[in-house]
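Throughout, a chain's letter reflects where its sequence line sits, starting with A, and its residues are numbered from 1.
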Amino acid sequence: MNLAQLIFNSLETGSIYALAALGVVLIFRTSKTTNFAQGMIGTLNAYIAATILMKWDWNIWAVTIFAIGTAFITGIIIDTLIMRPAAKASAVSKQIITLGIIMVILGLIPFLFGINNLQLPHFIPVSPDTKLALFGASLNYNSIFTISLSLVLMGFLFWFLKYTRWGLAIRVTASNEVTSRLMGVPTKSVTMISWATAAMFGTLAAIYLAPGGSVNPNMLVDIQVNAFFACVIGGFGTFYGPVFAGFMLATIKNLSLAYVSDEWGHVLVYILILVFLYFKPYGLFGKKTVKKV
Amino acid sequence: MNKINILDKVKSNVTNFFQPKGVFDKNFVKKPLIMYLIFGLLLLAIPFLQEQGYIQFYTMGVFGMIIIYTIVALGLNLLLGYSGLISLGTAGFIGFGAYGLPFFSNLLGLNFTGALIVTLLLSALIGALIGLFSLKVEGVYLAIATLFVGEIFLEIFRNVEWFTNGFSGVKFHYPHVILLFFQLRITVTSFILLVLSALIVIALGYIGFKKYKNKQKSKIEKKENRITKIKSRLLSIFKIALIILGLMLVLQIVLGEPLLTFVQSGNSITTTGFRGYLKLEEFDRNQTFRFISLILIASMFIIYNIVNSRTGRALMAMSRSEHAAQSMGISLMKYRLVAFITATVFATLAGTLYVSWFTSAYPDSWTLGFSLILIAVVVVGGYKSIFGMFLGALIIHGIPTFYLKEAFADINGLPFIFTGVLIIVVILFYPYGAIYLRHDIKRLYRYLKSKIIKFIHLIKQRIQKSNDSEVNEDE
């Protein structure tokens with residue numbers, strides 16, 4: 001595999017990592033918890049998409065839009081029913097509550113959709129005709145589409161955060177929830193919206209990933225872990241750090257697998273990142289949060 | 001003059017030795033150490049019930065797993081409950097134990113005990129590294145750094161075939177334990193003997209270690225004091241061990257059931273390595289179960305002692321405020337290392353027990369999900385509680401596996417939903433853990449009791465009234 005192909009593949013994986021990482025960091029900043037259930041919420045909605053596609057024979061575009069809608073609803077339900085009553089619990093307890101959500105969804109999936117793995121097609125069918133040759137790498141139209149769609153979405157989110165009133169509300173809540181509530185910011189709606197957005201991103205990542213394998217309960221576990229890694233490398237302090245780190249992580253991992261070793265490539269990358277973290281404990285773009293007594 | 005002093009000393013020693021501090025105390029049974037021993041005796045009933053056919057073969061396997069969960073959770077609680085640090089790499093360490101034990105016993109030809117020691121030492125080394133790392137990185141960054149460690153282990157388990165045998169997994173045997181030249185045999189009687197002799201020792205007043213007053217003034221004196229402290233501690237451990245062994249030997253002779261037997265030299269030269277010289281009997285399944293429960297009780301003892309010592313107090317102080325703790329002279333590095341090393345060693349120990357109990361291990365068991373479940377055991381069971389860990393393991397692993405799977409075998413996924421809802425509900429309503437349920441139960445009991453007493457009183461009054469009126473009518 002040549003270098004151009006490697007980088008192209010890394011862009012595709014990186015866009016999935018970046019979407020997932022953005023969801024994680026959004027929830028971390030507004031709800032002060034690391035959401036382990038993000039991948040599982042995405043998987044649940046991917047199951048919904050695949051089931052509708054199979055039963056009612058909708059096409060993939062319609063199904064995707066529908067699944068994103070259900071993801072929005074899932075996020076809101078989880079926030080209002082589970083996270084809001086637990087707002088006063090400690091950080092670790094909240095994390096374990098998200099584990100509880102994972103377990104519930106893990107149980108719901110065979111209950112609602114059966115135990116078989118499901119399939120989802122590509123957005124643009126992959127065949128020799130729908131390929132583009134560039135610098136000796138062959139690019140699927142579908143991959144190009146997913147990369148550009150996620151870039152556009154992330155760009156839209158950044159614009160939204162920076163230039164709209166709701167974006168301002170989210171940023172303010174992220175920086176200090178109590179003060180912003182005192183200032184009249186509807187923090188409850190803000191956390192609700194951020195849960196819904198994160199769920200939508202997770203669902204999109206799941207739908208991107210599904211055609212390569214299948215829709216199964218463990219499909220996003222790996223993505224979830226790598227999203228956390230991206231958040232740490234980029235730092236939880238900013239919204240753009242994790243996105244950048246997501247693309248970077250995917251590239252480094254692919255390069256080390258190709259050029260270093262099949263067995264030890266990932267291990268080496270992880271150890272290097274740990275060493276990096278030792279010297280920059282708040283990530284690439286993060287700053288130390290000063291705690292006032 | 002001198003003679004009298006010596007006589008006095010001897011006298012006081014003898015009276016100290018036989019001082020029946022514990023037995024006649026009203027709260028003797030409520031002492032934690034005694035409760036752990038009684039708990040051990042209860043666990044002993046499980047293989048016995050299985051032999052009699054009251055419990056299924058499979059259920060006993062689940063109980064073994066619950067005990068393994070409890071051991072991990074005990075170590076993890078020191079991090080999560082007492083020091084407020086979170087580790088997401090626990091599953092990796094359990095996996096390391098499960099793979100390290102067969103690897104070292106096959107590669108180096110070590111016996112069970114030797115391979116166990118090597119594995120635990122290695123994991124302690126890695127734990128120390130994480131402890132050092134934790135001085136620099138904090139909060140959610142530290143949590144995900146430990147996740148990195150877990151993922152590194154997972155990658156190694158999946159890809160490095162010479163260590164883990166890849167996806168086909170490793171096979172192992174039930175353990176056989178030698179202590180010097182004695183082989184451990186844990187039969188029912190010997191287990192009871194062990195616990196009984198420990199009980200007697202504690203009853204005689206040898207609980208824990210003697211306290212030494214700190215009267216030091218100069219540095220040299222401080223140093224000397226420290227040395228005598230360590231010496232006396234070692235001496236007291238030695239004394240306790242000696243007394244337990246002596247009692248066991250006496251009881252062994254009385255009842256004819258040996259706990260320790262000499263290792264016989266084998267007559268077969270065909271087997272190579274160290275094992276060829278020794279003829280070791282492996283435990284059978286029941287003995288392995290007793291072995292695991294023995295280790296669980298020992299772990300409870302160790303954690304109880306750590307928590308109720310200077311170390312435990314230092315950890316709790318650190319969890320509240322690192323800066324305040326440091327200003328009181330607590331060395332962050334020392335206690336961070338203690339916490340992380342203990343947690344990793346306990347996890348690895350549980351891993352070695354896992355592979356000796358289930359006699360096989362596969363790479364895909366040691367994921368982030370497993371680490372999260374272990375954290376859930378601590379959170380649901382109750383921070384800063386020792387029995388809570390067993391309760392948590394029972395709730396999280398036990399109830400869904402051996403009760404619901406049978407009851408709702410035809411509905412897929414129900415056990416998972418049950419566990420998930422239970423985790424959420426327990427955290428919402430018992431934020432300090434399910435172990436605090438007992439307070440509510442007590443309160444309910446008291447409430448009901450008062451109500452019933454009132455009710456009875458009322459009825460009595462009524463009866464008396466009616467009796468009185470009858471008497472009146474008669475008149």
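Heavy-atom proximity under 4.5 angstrom to chain A picks out B:Ile86, B:Leu88 from residues 83-95 of chain B. Chain A is approached within less than 4.5 Å, heavy atom to heavy atom, by B:Glu155, B:Ile156, B:Asn159, B:Val160, B:Glu161, B:Trp162 from residues 153-162 of chain B, ordered by number. Applying a 4.5 Å heavy-atom cutoff, the residues of residues 369-376 of chain B that approach chain A are B:Leu372, B:Ile373, B:Ile375, B:Ala376. Proximity to chain B at a heavy-atom threshold of 4.5 Å picks out A:His266, A:Val267, A:Tyr270, A:Ile271 from residues 265-272 of chain A, in numerical order.
Minimum interatomic distance between A:Met103 and B:Gly420 (heavy atoms only, all atoms of both residues): CB-CA, 3.6 Å. The shortest non-hydrogen separation linking A:Val104 to B:Val421 is CG2-N, 3.7 Å.
With a threshold of 4.5 angstrom between heavy atoms, A:Phe36 approaches chain B through side-chain atoms but not through N, CA, C or O. Looking at B:Leu135, neither its backbone nor its side chain comes within 4.5 Å of chain A, counting heavy atoms on both sides. Looking at B:Val379, only its side chain comes within 4.5 Å of chain A, counting heavy atoms on both sides. Only the side chain of A:Ile273 comes within less than 4.5 Å of a heavy atom in chain B; its backbone stays farther off. For A:Thr34, the part sitting under 4.5 Å from any heavy atom of chain B is the side chain, from C-beta outward, and nothing else. For B:Ile427, the part lying near chain A is the side chain, with the backbone staying farther off; criterion is any non-hydrogen pair under 4.5 Å.
When A:Ile97, A:Leu277, A:Leu274, A:Ile109 are compared by the number of non-hydrogen pairs under 4.5 Å with chain B, A:Leu274 comes out ahead. Put simply, of B:Leu368, B:Leu147, B:Val149, B:Val426, the one with the most heavy-atom pairs under 4.5 Å next to chain A is B:Leu147. Ranked by heavy-atom pairs shorter than 4.5 Å toward chain A, the options B:Val378, B:Ile152, B:Val425 are led by B:Ile152.
Within 6.0 Å of the OH atom in B:Tyr335, the count of heavy atoms belonging to other residues, nucleotides or ligands exceeds 12. Atom CE of B:Met333 has 12 or fewer heavy atoms from other residues, nucleotides or ligands within 6.0 Å. For B:Lys136, the NZ atom is densely surrounded, since the number of other residues' heavy atoms within 6.0 Å is greater than 12. Around atom NZ of B:Lys384, more than 12 heavy atoms belonging to other residues, nucleotides or ligands sit under 6.0 Å away.
Distance check, rounded to the nearest 0.5 Å: CG of B:Leu428 to OG of A:Ser93 gives 9.5 Å. Atoms CD1 and CD1, from B:Ile424 and A:Ile96 in turn, are 11.0 Å apart once rounded to the nearest 0.5 Å.
Ring pair B:Phe133/A:Tyr278 is tilted by interplanar angle, where 30° to 60° counts as tilted.
Checking side-chain atoms of B:Tyr141 against main-chain N and O of A:Gly235 turns up no donor-acceptor pair under 3.5 Å.
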